[in-house]
Amino acid sequence: MNVTTVTDGIFRLSANMKDILFEGLWPIPNGIAMNSYIVKGGNKTAIVDGVCGWDGVPETLFEQFKQINIDPESIDYVIVNHMEPDHCGWIENFRKIRPNFTVVTSKKAIPLMKGFFDIDESSIMPVGDGDTLDLGDGRVLAFAEIPNVHWPETIATFDTKSGTLMPCDAFGSFGAIDDAPYDDQLTQEQIDFFEREATRYYANIVAAFSQPVLQAIKKASPLPIKIIAPGHGIVWRKDPMKIVKDFVRYANYQKGPCENEVTVIWGSMYGNTELGVKPAIEALEAEGVKVRVHRVPEDSWGDILTSAWSSTGLVLAMPTYEYKMFPPMYAVLDEMCKKKFLNRKVFRFGSYGWSGGAQKELDELMARHKPGWEFVEPVEFMGTPREKDFAAIRKGCTELAQRVKKAVASKS
Ligand SMILES: Cc1cc2nc3c(=O)[nH]c(=O)nc-3n(C[C@H](O)[C@H](O)[C@H](O)COP(=O)(O)O)c2cc1C
Ligand SMILES: [Fe+2]
Ligand SMILES: [Fe+2]
């Protein structure tokens, strides 16, 4: 991986991670790039964020110091926008080669610095809204608190000289990157790829924090931003407002209405519930809504949440299992509620053997999380579905699609 120049005096260092579950949980089939930035002033040098401490990664970063003739000894400030170990886990290794440096971070990060790295307050320069750091030669960095994007202590760093915003997790995306990390080097097809990866990143990592994201964007809007250089993904130089607009759109999906889409999530042990899935899809498509289909537990949570994040409607098809919902369905729905997938239009159907119980647990889940989901009358059948059940499933899906279209139309 080569170091690249973001703009005069700012360099992007980066490491790709593949074949891991991000946060120990989310599959990243296309990997992820983790970015770090060297900012050189007239007499001081800072590094903004670091990339994680996984095996081999610190070495990748140190190798990149050499490429731009940066002696680690010359780094005066380590700016920690965010304490999550994917951005600061490397400090442990960095201090082996550079024992004394000043950490620039938020006040709220001070106890975390102690807890994660045993770094005392005496080595920390706390910064908050309106604070600046002069690196010399007109290179003045300004800081803004952007709490809960993604942890409570998060800040963003803005280089006032070049108009470069380094917002860490905000405006990031999944997707490993090789030699072309800038939007001005990419084809439309590649930009589209990163847009899909940004949606997945947002739905999996950022979704729960959508209101803080909107507040952070509002806070940043008066800044003369020319470049957006996030902690993950590509750097936006040609059209930085594209990723800002995309993030506003993703954040607004939280409360809905979202797109003219329905995500069908289904699971089935012996194929009875499964028999209803095809008629359900046909009825939805006949109404002209886009349908995304996922099976639990086969499809990853990451894929399911990505589809559901932009969908105004959901179809949940699952049988009763031990007097409750089919377990992987419960797990996915519980996670969606915790991540605040709000105000969806929903239709549920499924098979049972003798007592049922899936519906009761779904009702309990809704009562607990109160996500504001609006339900079409559910359809349950004993054993295998008959013609009347298929008709009821089609009717439920038609009704759902109509409610989705109406909600989407009310947006514009
Ligand atoms: C492990 C297991 C647990 C079940 N628990 C219940 C139950 O508590 N109540 C009930 O009405 N049916 C229960 N059933 C029956 C299923 O809900 C029924 O067979 C249904 O038709 C399965 O739908 P499927 O073919 O879509 O998997 C259970 C079945 C299995 C295999
Ligand atoms: Fe994070
Ligand atoms: Fe991150």
Side-chain angles (χ1 to χ4, degrees), residues 14-17 20 22-26 28 31-37 48-54 57 80-90 106 109 112 116 146-156 166-175 197-198 200-202 204-209 212-213 216 229-233 265-278 280 295-298 316-330 348-362 379-386 389 393:
S14 189
N16 284 327
M17 285 307 291
I20 57 153
F22 195 72
E23 293 181 348
L25 175 63
W26 306 106
I28 40 172
I32 183 168
M34 287 168 307
N35 307 329
S36 180
Y37 298 95
V48 181
D49 296 325
V51 315
C52 72
W54 283 310
V57 170
V80 177
N81 279 327
H82 173 30
M83 281 295 305
E84 192 170 0
D86 58 329
H87 303 283
C88 70
W90 73 300
S106 68
L112 283 82
F116 282 73
I146 52 167
N148 299 314
V149 186
H150 154 225
W151 285 8
E153 83 303 344
T154 313
I155 56 171
M166 288 163 276
C168 201
D169 276 343
F171 310 128
S173 69
F174 285 149
E197 288 295 310
R200 174 199 289 280
Y201 170 87
Y202 193 97
N204 292 185
I205 307 296
V206 191
F209 310 101
V213 164
H232 304 287
I265 311 170
W266 69 278
S268 180
M269 297 177 280
Y270 293 107
N272 292 303
T273 306
E274 183 176 5
L275 288 171
V277 173
K278 194 160 167 269
R295 181 173 188 173
V296 284
E298 284 80 351
L316 311 175
M318 77 302 214
T320 292
Y321 181 99
E322 294 175 0
Y323 302 95
K324 308 275 187 206
M325 272 188 252
F326 189 47
M329 179 68 83
Y330 177 89
R348 185 250 150 182
F349 70 88
S351 177
Y352 66 98
W354 59 93
S355 59
Q359 185 62 41
K360 182 164 177 278
E361 195 187 29
L362 178 57
V379 174
E380 291 209 285
F381 41 90
M382 191 184 229
T384 196
R386 310 302 201 287
D389 304 309
I393 290 169

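Positions are given from 1 along the sequence. All ligand and atom numbering here is 1-based and tracks the order in the structure.
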_Using the Fe ion (ligand 3) as the vertex, how large is the angle between NE2 of H232 and NE2 of H87, rounded to 10 degrees?_
90°

*Interfacing atoms of ligand 1 (cut-off 4.0 Å, heavy-atom, S268)*: 24 (P), 25 (O), 26 (O), 27 (O)

*Checking side-chain contact (heavy atoms from CB on, under 4.5 Å) against P212, which of I146, V206, N148 comes through?*
N148

*How is the N/O/S atom of E84 that comes nearest to the Fe ion (ligand 2) named?*
OE1

*For atom 20 (C) of ligand 1, grab the closest protein heavy atom and report residue, atom and distance to one decimal in Å.*
S351 OG, 3.2 Å

_Min N/O separation T273 to ligand 1 under 3.5 Å_ = yes

_Min N/O separation G267 to ligand 1 under 3.5 Å_ = no

*If only atom types and distance count, is the side chain of T384 paired as donor or acceptor with the main-chain N or O of N272 below 3.5 Å?*
no

_Over 60° means perpendicular and under 30° means parallel, so tell me whether W151 and F116 are parallel, tilted or perpendicular._
tilted

*Sole residue of F326, Y270, F349, F381 in side-chain contact (heavy atoms from CB on, under 4.5 Å) with P319*: F326

*H150: which N/O/S atom is nearest the Fe ion (ligand 2)?*
ND1

*Tell me, please: is G357 in heavy-atom contact with ligand 1, that is, under 4.0 Å?*
no

*Can you tell me if an N/O/S atom from H82 lies under 2.8 Å from the Fe ion (ligand 3)?*
no

